[in-house]
Amino acid sequence: MSQKILIVEDEPDMVLGLKDNFEFEGYEVLTASDGQAGLDRARAAKPDLVVLDIMLPKLSGLDALLTIRRT
C-alpha cells in the first residue's frame, strides 16, 4: 500500500512539479487548489503527509493546518 501525499497549492505549475516528483518516487498524490478543498480532502483521505501553501484562496493554509491538527 503506497503512502498518500496531499498537495494543497493554488499555483498549477507548482502542483504539477510536486505531483510528478512525488509520483515518480512511488507516492499516491492527491491535490487541492484552495484551503477549504484541502481541508475537505485531508479529512476524507487521511493522507500521510500534507504539503500546504500558506496563502490560499477560501481558507488560509494556516487555518487549514490548525483545523487539521485539531481533528
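Here the structure is a predicted model, which is why all the values come from computation and not from measurement. Residues: numbered from 1 along the sequence shown.
Considering all non-hydrogen atoms of both residues, Pro47 and Ala42 come closest at CD-O, 3.5 Å. Closest approach of Glu9 and Glu11 over heavy atoms only: OE2-N, 3.0 Å. Heavy-atom minimum distance, Ala64 versus Gly35: CB-O, 4.1 Å. Heavy-atom minimum distance, Asp10 versus Ser33: CB-O, 3.4 Å.
From Glu28, atom CD reaches atom CG of Asp48 across 9.0 Å, with rounding to the nearest 0.5 Å. To the nearest 0.5 angstrom, Tyr27 atom OH is 5.5 Å from Ile5 atom CD1. The CE atom of Met14 sits 8.0 Å away from atom CG of Asp53, with the distance rounded to the nearest 0.5 Å. Atom CZ of Arg41 and atom CG of Leu30 lie 4.5 Å apart (nearest 0.5 Å). Note: Leu16 CG to Asn21 CG = 9.5 Å, rounded to the nearest 0.5 Å. Annotation: the span from Asp63 atom CG to Thr67 atom OG1 amounts to 6.5 Å, rounded to 0.5 Å.
Using modelled atom types, one side-chain atom of Lys4 and one backbone atom of Ala45 make a donor-acceptor pair closer than 3.5 Å. When atom types are taken as modelled, the side chain of Asp34 and the backbone of Ala37 share a donor-acceptor pair closer than 3.5 angstrom. Distance alone, capped at 3.5 Å, places no donor-acceptor pair between the Arg69 side chain and the Leu65 backbone.
Taken together through direct or relayed side-chain contacts under 4.5 Å among Ile, Leu, Val, Met, Phe, Trp and Tyr, Val50 and Val15 form parts of separate hydrophobic clusters. Both Val29 and Leu49 belong to a common hydrophobic cluster when Ile, Leu, Val, Met, Phe, Trp and Tyr are linked at side-chain heavy-atom distances under 4.5 angstrom.
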Assess whether side chain to side chain donor-acceptor pair (under 3.5 Å) is satisfied between Gln36 and Asp40, documenting all intermediate values. CA-CA 6 Å; Gln36 185 61 54; Asp40 294 342; 3.0 Å; yes
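Taking a 4.5 Å side-chain heavy-atom cut-off between Ile, Leu, Val, Met, Phe, Trp and Tyr, the cluster of Leu59 extends to Leu39, Ile68.
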